[in-house]
Protein chains: 2
Amino acid sequence: MTQYKKFGGVQQIFLSLKTMARKNTIPPNLKQILEKGDQLYQPGISVDCVIFGFHENMLKILLLQVKYVNKFALPGGFILRDEPIEQAAYRVLKERTGVNNIFLQQFNVFGNPDRSDATVHQAGYMEHGVKIPKDNWLLQRFITVGYYALIDFTEVKFGDVIFEEGCEWIDINKLGNLMMDHEAIILNALETLRNQLAYLPIGRNLLPKKFTMPELQKLYETILAQKLDRRNFQRKMLGFGILNRLNETKKGGAHKAPFLYTFHDKKYQKALKEGLYGSW
Amino acid sequence: MTQYKKFGGVQQIFLSLKTMARKNTIPPNLKQILEKGDQLYQPGISVDCVIFGFHENMLKILLLQVKYVNKFALPGGFILRDEPIEQAAYRVLKERTGVNNIFLQQFNVFGNPDRSDATVHQAGYMEHGVKIPKDNWLLQRFITVGYYALIDFTEVKFGDVIFEEGCEWIDINKLGNLMMDHEAIILNALETLRNQLAYLPIGRNLLPKKFTMPELQKLYETILAQKLDRRNFQRKMLGFGILNRLNETKKGGAHKAPFLYTFHDKKYQKALKEGLYGSW
DNA sequence: TGTCCAATGCGTTACTATGACACAATATAA
DNA sequence: TTATATTGTGTCATAGTAACGCATTGGACA
């Protein structure tokens with residue numbers, strides 16, 4: 001896999017802003033983006049990632065807190081001139097979560113002319129007393145490619161440098177004030193996730209290696225916002241033939257210890273490609 | 001709906017080329033695109049439309065013949081600076097088919113750096129003895145948003161001005177040599193269509209207002225590349241409750257006259273939104 | 001240590017959807 | 001008029017699904 005020079009993206013600007021706010025200087029990074037960004041990046045296009053995680057029976061999304069406008073934003077970034085779009089999305093994911101090999105799926109493009117909000121960038125730069133020139137590339141219309149990612153909550157290390165600023169897991173049911181059209185993007189991602197859940201073995205990417213059947217069921221119930229019958233759920237899941245039951249149980253809960261399961265890697269990969277039904 | 005100035009797109013270039021080839025002049029249109037295109041259009045982004053039609057039991061795609069490279073291309077175009085992406089796709093469809101209100105669905109973005117092929121444009125302009133400057137916007141990397149459209153074959157009038165050049169219905173099984181990554185785009189569209197077929201009432205858009213059950217079945221069989229049981233198919237389709245059986249039969253066939261059906265508009269719209277199954 | 005309890009593992013039943021096939025009806029061609 | 005291929009309607013066995021019963025078990029509590 002090609003390694004691309006890390007230069008950042010729109011969120012890196014936010015991060016930098018917060019870092020630099022302490023020092024009260026204009027970060028060279030920011031200046032560079034302003035002046036040379038249009039040479040480095042594919043103009044007018046960005047990627048935004050809706051990163052799903054599952055923790056304490058809640059479906060959560062990784063969001064950035066943009067303090068100077070008091071809003072949340074999706075982690076995203078620009079696309080380098082010679083970089084595949086998906087690669088850019090992976091780069092953003094790596095930057096934000098420290099995790100490689102994330103399940104990533106493009107789901108939609110958002111490109112209405114009124115989605116671009118110049119005031120966001122302008123406000124950010126104004127914090128440093130810099131006014132972005134009117135014809136600067138940052139202020140033009142931007143079209144963004146939406147990716148959703150599924151990630152094992154437990155693998156994300158909050159101690160990472162990347163996380164020192166602004167990144168937060170936000171409950172899908174408690175989304176606050178979001179920048180631009182990011183709420184619509186999230187809802188679209190959620191809808192896509194719900195649809196894919198029916199025929200893709202999604203649990204694998206959102207749960208730890210070992211997990212129990214009740215945990216898997218809670219995940220499904222949370223995504224679908226719907227109660228499912230315990231016994232029918234188990235029968236269906238086992239019927240797919242992609243789970244291994246281990247000779248271990250998860251003790252510590254207040255009641256009968258449930259078995260631990262893992263995904264059967266080979267069959268899981270096959271199911272990913274072919275789907276779980278495939279009738280017709 | 002806002003009306004956007006018709007200025008054309010990448011395919012309009014091809015059309016123009018053929019028109020002008022006879023006259024042996026550089027069309028002002030071409031010159032304008034070369035010189036002012038980057039002001040009129042969103043740079044580096046285009047739309048491409050995979051337009052499906054159904055005729056004589058064959059699933060066909062509307063393609064443009066690009067003679068000077070002896071290849072076929074998807075109808076596509078650029079996106080005006082203040083134009084929604086979907087609007088641009090509708091504009092292309094209207095230009096090519098003369099039909100409004102087409103079923104249109106975004107399905108993927110294609111953006112690998114190596115998909116852009118500068119030689120295509122270069123060759124086109126060279127036919128007129130014009131060499132595109134190296135830094136011209138036409139030669140940069142392009143990312144394209146793929147839309148697929150479903151259209152009633154019988155509504156497309158081949159007499160239209162738009163059709164006077166290069167547009168052809170090509171059987172999905174007899175695709176010839178295609179430009180750039182257009183074959184991959186088509187295959188991706190076809191795959192999407194197959195998936196959506198299972199839960200969207202797609203027949204409506206590919207068939208005339210009145211149609212017979214065998215016709216609907218042939219459509220499904222063609223898209224799925226698979227034989228279906230006649231009786232089970234009918235039961236399932238009627239079970240969806242989105243069809244009206246008329247008190248007419250279609251005579252003229254050599255055998256028993258089949259009933260004619262129409263889609264039940266209200267229920268069809270509902271099914272479009274909610275899908276045909278919706279379990280889970 | 002023993003009892004209680006809530007969650008889990010496994011199973012049953014009724015119902016619906018699906019695949020495979022039989023037979024009668026009919027519009028045209030001969 | 002007859003032959004024929006196609007259509008309309010129905011049946012049956014099976015698989016999948018929804019709803020629910022019951023025994024088991026790990027930890028809490030007395």
Side-chain angles (χ1 to χ4, degrees), chain A residues 56-57 194 197-199 201 203 207 210-222 224-262 271 274-280, chain B residues 56-57 194 197-201 203 207-208 210-222 224-262 271 274-280:
Chain A
E56 290 177 347
N57 293 340
R194 280 186 181 139
L197 192 62
Y199 68 95
L207 292 172
K210 296 181 183 181
F211 54 91
T212 67
M213 194 59 77
E215 284 167 356
L216 184 61
Q217 183 179 342
K218 280 277 163 30
L219 170 63
Y220 272 69
E221 290 182 338
T222 307
L224 295 170
Q226 184 182 158
K227 272 270 167 197
L228 299 173
D229 183 275
R230 185 173 62 85
R231 292 147 289 190
N232 294 334
F233 178 82
Q234 165 147 330
R235 178 153 37 92
K236 189 163 185 171
M237 278 299 149
L238 293 180
F240 289 146
I242 54 172
L243 296 181
N244 287 323
R245 176 186 286 190
L246 306 180
N247 283 327
E248 293 178 68
T249 55
K250 182 173 185 174
K251 307 202 174 180
H255 304 289
K256 183 170 182 178
F259 282 106
L260 283 167
Y261 292 85
T262 58
E274 300 175 11
L276 288 174
Y277 284 104
S279 72
W280 275 55
Chain B
E56 289 177 348
N57 294 340
R194 281 186 180 139
L197 192 62
Y199 68 95
L200 283 186
L207 292 172
K210 296 180 183 182
F211 55 92
T212 67
M213 195 58 77
E215 285 167 355
L216 184 61
Q217 184 179 342
K218 280 276 164 29
L219 170 63
Y220 272 69
E221 290 181 339
T222 306
L224 296 169
Q226 182 180 159
K227 274 270 169 198
L228 300 173
D229 183 274
R230 185 174 61 84
R231 294 146 289 188
N232 295 335
F233 179 82
Q234 165 148 327
R235 185 180 45 195
K236 189 162 183 169
M237 279 297 150
L238 293 179
F240 290 146
I242 54 172
L243 295 181
N244 287 324
R245 175 185 286 188
L246 306 179
N247 283 327
E248 292 176 70
T249 55
K250 181 173 188 175
K251 305 201 175 182
H255 305 289
K256 180 169 182 176
F259 282 106
L260 283 167
Y261 292 84
T262 59
E274 300 175 10
L276 288 174
Y277 283 103
S279 73
W280 272 51

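This one's a predicted model, so the numbers in the text were calculated from it and none came from an experiment. Within every chain, numbering begins at 1; the chains are lettered A, B, ... in the order of the sequence lines, protein sequences first and strands thereafter.
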Rounded to the Å, how far apart are [X] [atom1] and [N] [atom2]?
X        : N      : atom1 : atom2 : value
A:Asn247 : C:dG9  : CG    : P     : 13 Å
A:Met213 : C:dC10 : CE    : C1'   : 13 Å
B:Gln226 : C:dT18 : CD    : C1'   : 14 Å
B:Phe233 : D:dT9  : CZ    : P     : 16 Å
A:Met237 : C:dT8  : CE    : P     : 16 Å
B:Asn57  : D:dT6  : CG    : P     : 12 Å
A:Leu260 : D:dG26 : CG    : P     : 13 Å
B:Lys236 : D:dT9  : NZ    : P     : 20 Å

Residues A:Leu243, A:Thr262; criterion side chain to side chain contact (heavy atoms under 4.5 Å, CB included); working and verdict:
CA-CA 6 Å; A:Leu243 296 181; A:Thr262 58; over 6 Å; no
Taking only the side-chain nitrogens and oxygens of A:Gln234, find out if one of them lies under 4.0 Å from OP1 or OP2 of C:dT8.
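The answer is no; no side-chain N or O of A:Gln234 sits under 4.0 Å from OP1 or OP2.
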With sequence neighbours left out, what residues match B:Asn247 under side chain to side chain contact (heavy atoms under 4.5 Å, CB included)?
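For B:Asn247 there are no side chain to side chain contact (heavy atoms under 4.5 Å, CB included) partners, ignoring immediate neighbours.
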A:Lys227: what forms a side chain to side chain contact (heavy atoms under 4.5 Å, CB included) with it, not counting sequence neighbours?
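For A:Lys227 the side chain to side chain contact (heavy atoms under 4.5 Å, CB included) partners, ignoring immediate neighbours, are A:Glu221.
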Scan nucleotides 20-30 of chain C nucleotide by nucleotide, 5' to 3', and note B when protein non-hydrogen atoms come under 4.0 Å of the base, S if they reach only the sugar-phosphate, - if neither.
BBB--BBBB--
Do any pairs count as a salt bridge (Lys or Arg N to Asp or Glu O under 4.0 Å) and have a residue in residues 249-260 of chain B, sequence neighbours left out, and if so which ones?
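Output for this query lists B:Glu215-B:Lys250.
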How would you list, by chain and number, every residue that makes a ring pair (Phe, Tyr, Trp, His ring centres under 6.0 Å) with B:Tyr261, sequence neighbours excluded?
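With sequence neighbours excluded, B:Tyr261 shows a ring pair (Phe, Tyr, Trp, His ring centres under 6.0 Å) to no residue whatsoever.
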Residues in salt bridge (charged side-chain N to carboxylate O under 4.0 Å, His left out) with B:Lys210, at least two apart?
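So B:Lys210 forms a salt bridge (charged side-chain N to carboxylate O under 4.0 Å, His left out) with B:Glu248.
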